[in-house]
Amino acid sequence: MAATYNVDEGFDYALFDHACCAFGVFDGVHAGHRFIIGEAAAASGRLGGSRCVVVTFDRDPDELFAHGSLRKLMSNEARIRALASLPHVDAVAVLPFTREFAALAPDDFLEQTFDSAHVPAALHVGFDVRFGARAAGTVDDLAAWGASRGMSVMSHDLLVLDGAPVTSTRIRKLLSKGLIKQANALLGARYTALGTVHPGRGEGTDMGFATANLNVPEELRVLGDGVYAAYAHVRGARYKAAVNVGVAPTFEGATANMEVHILDFAGDIVGEQVEVEFVEWLRPMKKFDDVDVLIKTVMGNINWVRDNL
C-alpha cells in the first residue's frame with residue numbers, strides 16, 4: 001500500500017522531485033484510469049529511481065458544483081485507498097478541492113498544485129483533462145506551463161474496450177441498468193458498495209432468510225434496482241450473498257435500500273460495516289402479493305447463489 005499525503009497537512013513538495021505523476025479525479029479507479037497510472041509507473045521505471053505519484057483531490061469536484069445530482073462509483077475514502085493499493089504506485093498526493101482553489105486561473109491552479117521548486121519530471125493525464133476556473137485549462141496549457149519548468153506532459157487517449165471509450169459515465173450507465181458483468185469488465189474489478197448495518201424489520205428472519213440492512217448514501221446509489229448474486233465481506237471474511245438493491249416494495253415501511261442475505265453466517269452485526277462485491281444480476285425487483293411465492297422466489301435466488309458462486 002502506497003503512502004498517502006494530504007497536501008494541506010504539512011505536505012513536503014519534495015515528493016514531486018523527479019517523479020512521474022498521474023493526475024485526475026479517478027472516480028471508480030477503472031481500467032482506463034489504471035492505464036494512465038500504469039503509463040506513469042512505466043515511465044518512472046524507465047527513469048530509474050523516480051517515484052510514481054498519483055495526484056488527485058480529496059473530493060470529486062462535482063460535489064461542489066453538482067450537489068444533489070451527483071452519482072459516484074466510490075466514496076472519496078475508498079477511491080483514495082484504491083489508488084494507494086495499485087501496483088507500482090509509490091505515493092498518492094491528495095489536494096484539498098475548495099471553491100477558492102477551483103476559481104484559480106489555470107496557471108495559478110498549477111502553481112498552487114506544484115511548488116515551483118519541486119515540479120515533477122513528467123505528468124500523465126487524459127487528453128480531455130480540464131482544470132482551473134470554469135475548467136478553462138487544457139492539455140495545451142498544461143504542456144506550456146510544464147515546458148517552461150522542465151516538466152513533460154503526456155496526454156493519453158481514452159482506453160477503448162468493446163468498441164467504446166472506458167469512462168466513469170459509461171460505467172455508471174451500465175450499473176444503472178443492472179448490467180453488472182459488463183460494468184465489472186470496464187472497471188477491471190468487481191463493483192463494490194459499502195454500508196453500515198441498521199436494525200431491520202424482522203420479516204426476513206421470520207421467513208428464514210435474515211438480511212443485513214444497509215442504507216447506501218444517495219450519491220453512491222448508482223446500481224439499478226434488482227436482486228444480485230454477490231459476496232459480502234464481514235469481519236475480514238468473505239461469504240456468498242443474495243442482495244436486494246432498492247427499497248423492497250412488498251413490505252410497507254421498508255427503508256433500507258440494500259438488503260443482504262449472507263449465506264452460512266449468523267451473528268449480530270448491527271452497527272458494523274459490510275462491503276458487498278457484486279457478481280451477477282438475477283432478477284428485477286417485484287412486489288409479491290402472496291407470501292409463499294415470495295419465500296419460494298427468494299429461496300430460489302439463494303440456492304442459485306449457493307450453487308453458482
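Owing to the predicted nature of the structure, the values given are computational and were not obtained by experimental measurement.
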#### Entry: Closest contact, heavy atoms only, Ala143 versus Val153
CA-CG2, 3.8 Å

### Task
Could you tell me whether the side chain of Lys181 reaches within less than 4.5 Å of the side chain of Trp281, counting heavy atoms only?
no

### Task
Would you kindly confirm whether Leu187 and Val25 end up in one hydrophobic cluster when ILVMFWY residues are joined by side chain heavy atoms under 4.5 Å apart?
no

### Task
List the atom of Asn301, the atom of Val227, and the distance in Å for their closest heavy-atom pair.
OD1-CG1, 3.9 Å

### Task
For Lys240 and Arg306, indicate whether the former's side chain and the latter's backbone hold a donor-acceptor pair under 3.5 Å.
yes

### Message
With a 4.0 Å cut-off on N to O distance, would you call Arg172 and Asp27 a salt bridge?
### Response
yes

### Task
Classify the angle between the aromatic ring planes of Phe57 and Phe97 as parallel (below 30°), tilted (30 to 60°) or perpendicular (above 60°).
perpendicular

### SG on Cys20 to CZ on Arg46, rounded to 0.5 Å
8.0 Å

### Query
Can Asp62 and Lys72 be counted as an ion pair, charged N to O under 4.0 angstrom?
no

### Message
Nearest 0.5 Å, please: how far is CG in Leu123 from OG in Ser155?
### Response
10.5 Å

### Query
Is it the case that more than 12 heavy atoms not belonging to His88 sit under 6.0 Å from its NE2 atom?
no

### Message
Quick one, Thr297 and Arg283 - any side-chain contact, counting heavy atoms below 4.5 Å?
### Response
yes

### Note, His156 side chain near Glu39 side chain (heavy atom, < 4.5 Å)
yes

### Query
Quick check: does any side chain N or O of Ser50 sit under 3.5 Å from a backbone N or O of His18, one acting as donor and the other as acceptor?
yes

### Query
Closest approach of Glu63 and Leu70, non-hydrogen atoms and distance?
CG-CD2, 3.3 Å

### Task
Side-chain contact test, heavy atoms from C-beta onward, threshold under 4.5 Å: evaluate it for Val245 versus Phe278 and give yes or no.
yes

#### Entry: Exercise: identify the closest heavy-atom pair between Pro96 and Val7
CD-CB, 4.0 Å

### Query
Nearest 0.5 Å, what's the CZ-CG distance between Phe23 and Leu142?
8.0 Å

### Query
If you group Ile, Leu, Val, Met, Phe, Trp and Tyr by side-chain heavy-atom gaps below 4.5 Å, do Leu73 and Leu194 land in one group?
no

### Query
So, do Tyr239 and Leu263 sit near enough that their side-chain heavy atoms are less than 4.5 Å apart?
no

### Atom of Met74, atom of Ala82 and distance for their closest heavy-atom approach
CE-CB, 3.7 Å

### Query
Distance-only, no hydrogens or angles: does the Asp141 side chain make a donor-acceptor pair with backbone N or O of Thr138 under 3.5 Å?
yes

#### Entry: Close side-chain approach of Val54 and Leu86, heavy atoms under 4.5 Å
no

#### Entry: Cluster overlap Val125 with Leu83, hydrophobic side-chain contacts below 4.5 Å
no

### Message
Tell me whether Asp162 contacts the main-chain N or O of Ala164 through its side chain, where contact means a donor paired with an acceptor under 3.5 Å.
### Response
no

## Note on the structure
In terms of heavy-atom contacts, Thr113 and Phe16 come closest through O-CE1, 3.8 Å

### Separation between CG of Asp107 and CZ of Phe131, rounded to the nearest 0.5 Å
7.5 Å

### Query
Is there side-chain contact between Trp304 and Glu280, with heavy atoms separated by less than 4.5 Å?
yes

### Query
Out of curiosity, does Val166 fall in the hydrophobic cluster containing Val222 (side-chain heavy atoms, cut-off under 4.5 Å, transitive links)?
yes

### Message
Checking the side chain of Asn184 only, and the main-chain atoms of Tyr191 only, is there a donor and an acceptor separated by less than 3.5 Å?
### Response
yes

### Task
Check whether the side chains of Arg79 and Thr56 place a donor and an acceptor atom closer than 3.5 Å, and report yes or no.
yes

### Arg238 side chain to His233 backbone, donor-acceptor under 3.5 Å
no

### Message
Between Phe114 and Tyr13, is there shared hydrophobic-cluster membership here, with clusters defined by ILVMFWY side-chain heavy atoms closer than 4.5 Å?
### Response
yes

### Query
So, Phe101 versus Phe109, ring centres under 6.0 angstrom or not?
yes

### Task
Verify, without hydrogens or angle tests, whether Asn213 (side chain) and Glu259 (backbone) share a donor-acceptor contact under 3.5 angstrom.
no

#### Entry: Atom pair OG1 (Thr167) and NE2 (His30), whose distance is rounded to the nearest 0.5 Å
6.0 Å

